Amino acid sequence: MKKQAITVVSCLVAGTLMLSCQKENKQQDASATTNAQVSADVKSQISARGFNAADARKVNGGYLVEGDILLSEDDLSKDAGTPNLRIADVEQYRTNYLVKNLPRTITVKVVNLGNAFIAGADTAIARYNRLNLSLKFSRITSGTANITIQGFNEGPDAQGFITLGSAGFPTSSGNPYNTIQMNTNQYAYGSNPNVLYVGSVIQHEMGHCIGFRHTDYMNRAFSCGSAGAGNEGASSIGAVAIPGTPTTPDAASWMLACSNGGNRTFNANDVKALDYLY
């Protein structure tokens, strides 16, 4: 998830923060090197699967696209036979893969992160569980979890955006994506992270883990203000419109590509989408 420019401390785009002030040359150079590692062939594979390849970055485990979505090498190699992107207006979208074997409880563990991230995870979990879905979440402190929340440290990129968190999509076998990465850099959440802010980002990344794409998938400029982020075409990963969700811009959705820099939870249309799938 990213954040859009407001101030140094408060900028965010779904998974990424945009800083309106300082940009360090060292960070810009590092970002350029990372982007250069993504070959034209890989960018073509990313685009063919319905993702914006313009700002794709090579990271541990694969490629980071659209600010907070991690695509593995396996994701890029598979061709799904389920529906492709519906060319439509802003609405909730899901991937071809969802969590299976319902009802079930997904366990979540926070590893080597501070109290704000633990409390943020509890906040996100409580918000999902209050919906009484067939999919529940429970935080554990020992053993192997279905989803592990862990940290990374990365400053703003050359455009002044900073990634707040990232995650991937469910596996073809029906399990949730197993890792959420949360940025511990000082420009992401500040020295005293707001729990509701952190919890909102975790809530968003959990949405990816269970199969949701960005609400403004067809035009991320709606929440990010990014130029040229239009509809990305057919997708083998899937961008399937969920029946009953709006076909007009939905400014309050928890799955908008870019954060508003504060507390954001489910709106009525998000609840419809979650009820429909789970």
Side-chain angles (χ1 to χ4, degrees), residues 1-24 26-28 30-31 34 55 57 59-60 64 66-70 108-128 137 139 141 145 147-168 177 179-209 214 220 223-226 252-266:
M1 186 177 218
K2 292 185 178 180
K3 182 175 180 178
Q4 193 173 355
I6 303 172
T7 66
V8 174
V9 185
S10 65
C11 306
L12 166 82
V13 178
T16 303
L17 165 70
M18 181 176 184
L19 300 178
S20 59
C21 5
Q22 299 177 346
K23 297 180 181 178
E24 299 182 22
K26 188 174 182 180
Q27 290 171 332
Q28 292 176 11
S31 175
T34 302
D55 297 317
R57 292 188 290 126
V59 296
N60 290 335
L64 194 68
E66 298 183 11
D68 70 330
I69 296 172
L70 182 65
V108 179
K109 184 164 68 172
V110 182
V111 177
N112 298 326
L113 289 171
N115 291 334
F117 292 92
I118 295 172
D122 288 340
T123 296
I125 288 170
R127 288 174 172 179
Y128 278 98
F137 294 90
R139 186 170 65 84
T141 56
I147 300 174
T148 297
I149 301 175
Q150 60 192 37
F152 72 102
N153 190 323
E154 180 182 272
D157 66 13
Q159 287 72 46
F161 287 89
I162 185 168
T163 300
L164 297 174
S166 66
Y177 189 75
T179 306
I180 292 174
Q181 301 271 0
M182 295 293 288
N183 199 350
T184 59
N185 188 271
Q186 61 175 324
Y187 290 117
Y189 300 101
S191 59
N192 184 27
N194 180 281
V195 169
L196 294 180
Y197 178 19
V198 172
S200 296
V201 175
I202 292 176
Q203 182 179 347
H204 176 100
E205 302 307 336
M206 288 170 67
H208 286 315
C209 290
H214 293 141
R220 292 188 306 133
S223 66
C224 305
S226 302
S253 174
W254 107 106
M255 288 308 296
L256 286 172
C258 289
S259 164
N260 60 3
N263 183 27
R264 176 188 281 160
T265 188
F266 309 116

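Just so it is clear, the structure is predicted and the values come from calculations on it, not from any experiment. Reckoned from all heavy atoms, side chains included, excluding hydrogens, waters and symmetry mates.
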Who passes ring-ring contact (aromatic ring centres under 6.0 Å, His included) against Y177, sequence neighbours left out? none
Can you name the nearest heavy-atom pair linking [X] to [Y], along with the distance?
X	Y	value
V108	A145	C-CB, 4.0 Å
F117	V110	O-CG2, 4.3 Å
P193	V198	CB-CG2, 3.8 Å
A124	I202	CB-CG2, 3.9 Å
D68	G165	CB-O, 3.0 Å
I118	L113	CD1-O, 4.1 Å

Enter the distance from [X]:[atom1] to [Y]:[atom2] here, rounded to the nearest 0.5 Å.
X	Y	atom1	atom2	answer
Q150	N112	CD	CG	8.5 Å
T148	K109	OG1	NZ	6.0 Å
I147	E205	CD1	CD	11.0 Å

Donor-acceptor under 3.5 Å ([X] side chain, [Y] main chain):
X	Y	answer
S166	I69	no
N183	T163	yes
S200	R264	yes
H208	G168	no
Y128	Q203	yes

Tell me if the CG atom of N153 is crowded by more than 12 foreign heavy atoms within 6.0 Å.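 Count over threshold, so yes.
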Note, E154 side chain near R57 side chain (heavy atom, < 4.5 Å): yes
May I ask you to test the Y189-V201 pair for a side-chain heavy-atom distance under 4.5 Å? yes
